[in-house]
Amino acid sequence: MNWSDHESFLIIYPHKEFNFDECLLFLGRSNQEVLHQIKGRNLYKLIKVDGTLVLFKIGYIKDSINVEFLNKIPSLVTRKKVAAYIWEWFDLDTNLGEFYKAVSKDKILKKITQDYYGLRIICIQDLFEALIWAILGQQINLTFAYTLKKRFVERFGEYLTFDEDTFWLFPTFEKISSLNVKDLRILQITSRKAEYIIGLAKAMKNGELTKELLNQQQDDQQVQKLLMKHRGVGAWTTDYVMMKCLHNMASLPIADVGLHNAIKHQLGLERKPTIEEIEKLSSGWKGWQAYATFYLWRSLYD
DNA sequence: ATCCAGGAACTGT
DNA sequence: ACAGTTCATGGA
């Protein structure tokens with residue numbers, strides 16, 4: 001992590017393969033997003049660090065990320081954690097140059113890696129949030145998924161009001177673990193998804209499922225096995241979580257409808273590709289499947 | 001109207 | 001193991 005501290009603000013120095021505006025475009029894809037706000041070229045985010053709410057504003061000036069604290073100036077320890085949070089949020093540890101090199105001759109990725117140069121996987125660091133967001137999005141259109149997330153967050157999440165704006169935190173598993181299916185049905189979350197969500201919240205509350213546990217596993221298959229033990233978590237959700245939360249660059253949600261549509265569009269196919277075709281097409285993406293998927297998703301909203 | 005959506009569990013064979 | 005069905009609703 002490369003950063004400097006200036007008390008009321010921080011400066012973070014990303015690698016050269018970083019395009020803040022591309023990341024901002026992804027973050028702004030839904031106008032129903034409640035977990036961050038975008039105004040002009042600035043990004044606003046509320047997080048909780050060691051029990052205290054920290055609201056900050058992120059801008060980009062002269063090849064560096066500028067972070068300004070809004071609600072109060074946190075301690076040095078907290079400022080360092082905020083820097084680490086942002087570093088991970090934009091996946092700044094990854095050497096994107098290696099990805100570009102690896103797929104420079106790939107017929108699907110060659111063009112879009114140039115078009116979206118500097119786009120990085122936007123990470124969902126909270127395991128509970130990553131899981132619940134994946135479950136909410138199962139088998140429904142993204143617009144409605146965002147509606148459900150908004151209702152869920154605004155019903156059960158913590159918030160901070162600043163300058164007439166309200167900033168939300170994703171609800172905690174502690175809070176959700178004590179709910180009934182009925183509490184979520186009111187929001188038009190299906191009974192089955194409500195059961196999944198509450199079940200996962202309980203598993204996390206009793207310590208059976210933690211991010212640490214997943215990070216300790218020897219290989220990807222063990223992680224998949226642990227996640228899929230839980231009702232509501234199948235192969236797609238597992239890959240999604242590995243990609244967005246665990247920084248697993250080799251995860252490929254191969255059954256994903258968005259991925260299928262993106263490949264169809266990029267190759268100008270009449271129909272969506274089959275799983276077998278995707279396996280062949282992706283054979284050259286080894287170690288970078290997650291980034292390939294993310295760039296293909298990005299290509300859907302040009 | 002009609003089809004399908006960033007799936008997964010359940011049921012019957 | 002595998003295929004068909006159900007969940008539930010909104011978006012285009």
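Rounded to an integer number of Å, the gap from CE of A:M228 to P of B:dG7 is 15 Å. Atom P of nucleotide B:dG7 and atom CZ of A:R231 are separated by 18 Å, given to the nearest angstrom. Between A:L148 atom CG and C:dG10 atom P the separation is 9 Å, expressed in whole Å. Rounded to whole Å, the distance from NZ on A:K150 to C1' on C:dG10 is 16 Å. Spacing between atom CZ of A:R151 and atom C1' of C:dA8 amounts to 13 Å, rounded to whole angstrom units. Regarding A:D256, its CG atom lies at a distance of 14 Å from the C1' atom of B:dC4, rounded to whole Å. For the pair A:L142 CG and C:dT9 C1', the interatomic distance rounds to 15 Å; values are reported in whole Å. Distance, A:L187 CG to C:dT9 P: 12 Å, rounded to whole Å.
Between A:N141 and A:G234, it is A:N141 whose nearest contact on DNA chain B lies nearer the 5' terminus. Comparing A:T147 and A:I140 by the nucleotide of DNA chain C that holds the closest heavy atom to each, the one mapping nearer the 5' end is A:I140. Both A:L259 and A:H230 lie close to DNA chain B; mapped to their nearest nucleotides by heavy-atom distance, the more 5′-ward contact belongs to A:L259.
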Atom pairs and distances, side-chain donor-acceptor, residues 160-170 of chain A, under 3.5 Å, sequence neighbours left out:
unit_1: A:D165; atom_1: OD2; unit_2: A:K39; atom_2: NZ; d: 2.4

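Screening residues 6-26 of chain A for salt bridge (charged side-chain N to carboxylate O under 4.0 Å, His left out), with sequence neighbours left out, gives A:D21-A:R41, A:E22-A:R298. Screening residues 32-76 of chain A for ring-ring contact (aromatic ring centres under 6.0 Å, His included) gives A:F18-A:Y60, A:F20-A:Y60 as the qualifying pairs, with residues at least two apart or on separate chains. Counting only residues at least two apart or in different chains, salt bridge (charged side-chain N to carboxylate O under 4.0 Å, His left out) contacts with residues 62-88 of chain A comprise A:D5-A:R79, A:D50-A:K81, A:E88-A:K211. Counting only residues at least two apart or on different chains, the salt bridge (charged side-chain N to carboxylate O under 4.0 Å, His left out) pairs with a member in residues 99-121 of chain A are A:E98-A:K101, A:K111-A:D115.
With sequence neighbours excluded, no residue forms a salt bridge (Lys or Arg N to Asp or Glu O under 4.0 Å) with A:E279. For A:A83, the side chain to side chain contact (heavy atoms under 4.5 Å, CB included) partners two or more places apart in sequence, or in a different chain, are A:M1, A:W3, A:L10, A:I12. Applying the salt bridge (Lys or Arg N to Asp or Glu O under 4.0 Å) rule to A:R185 yields no partners; only residues at least two apart in sequence or on another chain are considered. By the side-chain hydrogen bond (donor to acceptor under 3.5 Å, both in side chains) test, A:T94 pairs with A:D91, sequence neighbours left out.
Residues A:W133 and A:Y146 place their aromatic rings such that the two centres sit under 6.0 Å apart.
The gap from the C1' atom of C:dT6 to that of B:dC4 amounts to 16 Å, rounded to the nearest Å. Across the P atoms, B:dA9 and C:dG10 are found 24 Å apart, a figure rounded to whole Å.
Note on A:Q188: a side-chain N or O is less than 4.0 Å away from OP1 or OP2 of C:dG10.
Residues from residues 131-138 of chain A lying near DNA chain B, meaning a heavy-atom separation below 4.0 Å, are A:G137, A:Q138 in numerical order. A heavy atom lying under 4.0 Å from DNA chain C marks the following residues of residues 191-201 of chain A, by number: A:S191, A:R192. Within residues 277-302 of chain A, the residues approached by DNA chain B to less than 4.0 Å at the level of any non-hydrogen atom are A:W297, in residue-number order.
Taking the side chain of A:N261 as heavy atoms from C-beta on, and the options B:dA5, C:dG10, C:dC7, the nearest nucleotide is B:dA5.
The residue A:K272 sits close only to the backbone: its heavy atoms come under 4.0 Å of sugar-phosphate atoms, none of a base.
The distance from the NZ atom of A:K45 to the CG atom of A:L27 is 8.5 Å, given to the nearest 0.5 Å.
A salt bridge links A:R271 with A:E277; the closest basic N to acidic carboxylate O contact falls under 4.0 Å.
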